[in-house]
Amino acid sequence: MFREQGLEPVSIGDNCWIGSNTVILKDVKIGLGVVVGAGTILSKNVPDNSIMYQKRELTVQIQNDSCKG
């Protein structure tokens, strides 16, 4: 059904928090343990254990390798 409408599914890993009013564009893959701030527009893949948020025109990505268990 998605492909008929021209929409591609996204992939969201386990243990993710996605804030309200977040927009996830087609073909985006969100890794494990990712936190996405409210109002963020995701147009690129997000690696595991990252924090993504947008502040005006700036996109900030913080990757924490110490979170890997």
**Student:** Considering all heavy atoms of both residues, which atom of Val28 and which atom of Lys44 are nearest to each other, and what is their separation?
**Tutor:**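 Distance-wise, the nearest heavy atoms are CG1-O, 3.5 Å.
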**Student:** Does Leu42 form a side chain to side chain contact (heavy atoms under 4.5 Å, CB included) with Val36? I'd like the steps, not just the answer.
**Tutor:** CA-CA 9 Å; Leu42 294 178; Val36 180; 3.9 Å; yes
**Student:** Which residues pass the side chain to side chain contact (heavy atoms under 4.5 Å, CB included) test with Lys29, sequence neighbours left out?
**Tutor:**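 Residues passing side chain to side chain contact (heavy atoms under 4.5 Å, CB included) with Lys29: Ser11, Asn45.
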**Student:** Can you name the residues that form a side chain to side chain contact (heavy atoms under 4.5 Å, CB included) with Ile12, not counting sequence neighbours?
**Tutor:**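 Residues passing side chain to side chain contact (heavy atoms under 4.5 Å, CB included) with Ile12: Val10, Cys16, Ile18, Ile24, Ile30.
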**Student:** Any idea which heavy atoms bring Gly37 and Thr22 closest together, and the distance?
**Tutor:**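 Shortest heavy-atom contact: O-OG1, 3.4 Å.
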**Student:** Quick check on the hydrophobic clustering: are Tyr53 and Val35 connected, directly or via other members, by side-chain heavy-atom contacts under 4.5 Å?
**Tutor:**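 Same cluster.
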**Student:** Within this structure, what is the CG-CG distance for the pair Asn49 and Asn15, rounded to the nearest 0.5 Å?
**Tutor:** 9.5 Å
**Student:** Measure the CG-CG distance between Asp14 and Leu32 for me, rounded to the nearest 0.5 Å.
**Tutor:** 6.0 Å
